[in-house]
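These notes are about the structure you will find just below.
This is a predicted model, so every value here is computed, not measured. In what follows, chains carry the letters A, B, and so on, assigned in the order in which the sequence lines appear, proteins first and then strands, with residues in each chain numbered from 1.
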2 protein chains.
Amino acid sequence: MSLRHAILGLLARQPSTGYDLTRTFDVSLATTWPASHSQIYPELGKLEGAGLVEVVERGPRGSKTYGLTDAGRDELRRWLVEDEPDRSQRNESGLRLFLTPLLPSQDRRSVLARDLAHVEQQSAILVAIRDQIEEAGRDDPFAAQVDLGIRVNEVISAWLAEQLDRT
Amino acid sequence: MSLRHAILGLLARQPSTGYDLTRTFDVSLATTWPASHSQIYPELGKLEGAGLVEVVERGPRGSKTYGLTDAGRDELRRWLVEDEPDRSQRNESGLRLFLTPLLPSQDRRSVLARDLAHVEQQSAILVAIRDQIEEAGRDDPFAAQVDLGIRVNEVISAWLAEQLDRT
DNA sequence: AAATGACATGTCGAATCCGACATGTCAATT
DNA sequence: AATTGACATGTCGGATTCGACATGTCATTT
């Protein structure tokens with residue numbers, strides 16, 4: 001169950017409320033590990049019950065800021081270093097790509113073109129983020145991830161363009 | 001619900017038994033869209049109930065070979081061409097990559113090295129498949145997918161090596 | 001004073017997914 | 001004749017996920 005560890009990981013970076021976590025999932029993990037608040041709040045409760053997180057502060061509007069306990073930190077480290085990762089990458093886009101050869105040429109072209117447009121748009125977003133980070137001049141560990149995303153998108157984009165040419 | 005469409009797609013390529021589908025999911029879709037027989041058999045039943053597939057042949061050992069109905073073919077095409085794809089790519093490896101900056105240098109190195117080894121091993125497998133396809137000389141639409149996999153792996157592999165150097 | 005919108009937490013039910021359990025057939029080997 | 005292993009289909013319960021429903025606070029704008 002990765003949701004548990006995703007939350008532990010985010011809390012390790014920064015003590016947060018459930019609401020904060022929901023926003024982080026939305027902006028930084030929407031693609032990689034989607035989760036909505038209806039999953040996050042109950043999971044925080046379980047985590048608290050298991051002694052892996054604790055409420056470190058109570059703010060206005062009934063907000064509760066959670067932080068890791070020592071046990072939580074241990075568990076996070078154990079998971080990252082010792083647990084064998086689940087390497088599956090469930091993605092509908094890949095499934096669609098696998099099936100597009102079934103389509104007649106015209107349909108196939110329109111599907112590939114739609115994908116290409118999407119990838120290029122994503123690339124633009126990532127490049128903008130990279131530039132922002134560069135400008136800020138901070139040494140952001142996140143920069144490397146963004147860079148990986150840009151490079152992967154470039155490869156996919158080129159591949160889609162090739163496929164379009166050949167279809 | 002993509003499982004439904006994954007099954008329709010596989011049956012469009014080739015009428016198959018639940019057992020056949022299970023094997024195809026295992027070898028061709030294990031990474032992209034994992035599914036076990038305990039999901040596949042009930043789904044085939046629902047699909048049959050909905051009139052999208054039908055039993056086209058009964059063989060030994062009680063096997064039932066399913067094929068698409070016209071309604072099934074329509075639904076598959078509709079999904080591929082008209083439905084907006086779900087672009088999320090739930091993957092634990094990405095989540096881990098996002099969190100590794102939290103780790104002390106030594107742990108981080110060992111995690112990155114493990115990932116690198118895995119990606120290189122996957123690359124080797126894909127290259128072997130590519131060579132096999134090339135030798136067979138068939139014009140396999142699957143070849144392009146394999147090629148994409150190889151290229152993506154190359155990028156990831158290079159990125160991981162860089163990160164290792166810097167850590 | 002009312003309205004709006006971001007902040008904030010929660011529950012519920014339906015659908016999905018997954019591993020374990022269960023059963024049986026058929027061909028080839030021992 | 002018995003065993004083994006691939007073929008073949010199914011169910012069940014627990015966990016996970018997801019969208020919808022529900023409630024309330026606080027600051028800013030109108």
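- A single hydrophobic cluster is not seen to contain both Val119(A) and Val111(A); linkage of ILVMFWY side chains at heavy-atom distances under 4.5 Å, directly or through other members, places them apart.
- With no hydrogens or angles considered, a side-chain donor-acceptor pair links Asp86(B) and Ser88(B) at under 3.5 Å.
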Revision key, fill the gap. Per-nucleotide protein contact along nucleotides 4-17 of chain C, 5' to 3', at a 4.0 Å heavy-atom cut-off (B base, S sugar-phosphate only, - neither), is --BBBBBB----SS
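- Residue Leu29(A) contributes atom CG, which lies 13 Å from atom P of dT17(D) at whole-angstrom precision.
- Rounded to whole Å, the distance from CG on Asp86(A) to P on dT16(D) is 13 Å.
- Evaluation of the ring pair (Phe, Tyr, Trp, His ring centres under 6.0 Å) test over residues 93-139 of chain A, restricted to residues two or more places apart or in two chains, returns Phe98(A)-Phe142(B).
- Note: CZ (Arg58(A)) to C1' (dG24(D)) measures 16 Å, nearest angstrom.
- Atom OG of Ser63(B) is separated from atom CD of Glu57(B) by 7.0 Å, given to the nearest 0.5 angstrom.
- Within the structure, every pair that satisfies the ring pair (Phe, Tyr, Trp, His ring centres under 6.0 Å) test and touches residues 53-81 of chain B, not counting sequence neighbours, is listed here: His5(B)-Trp79(B).
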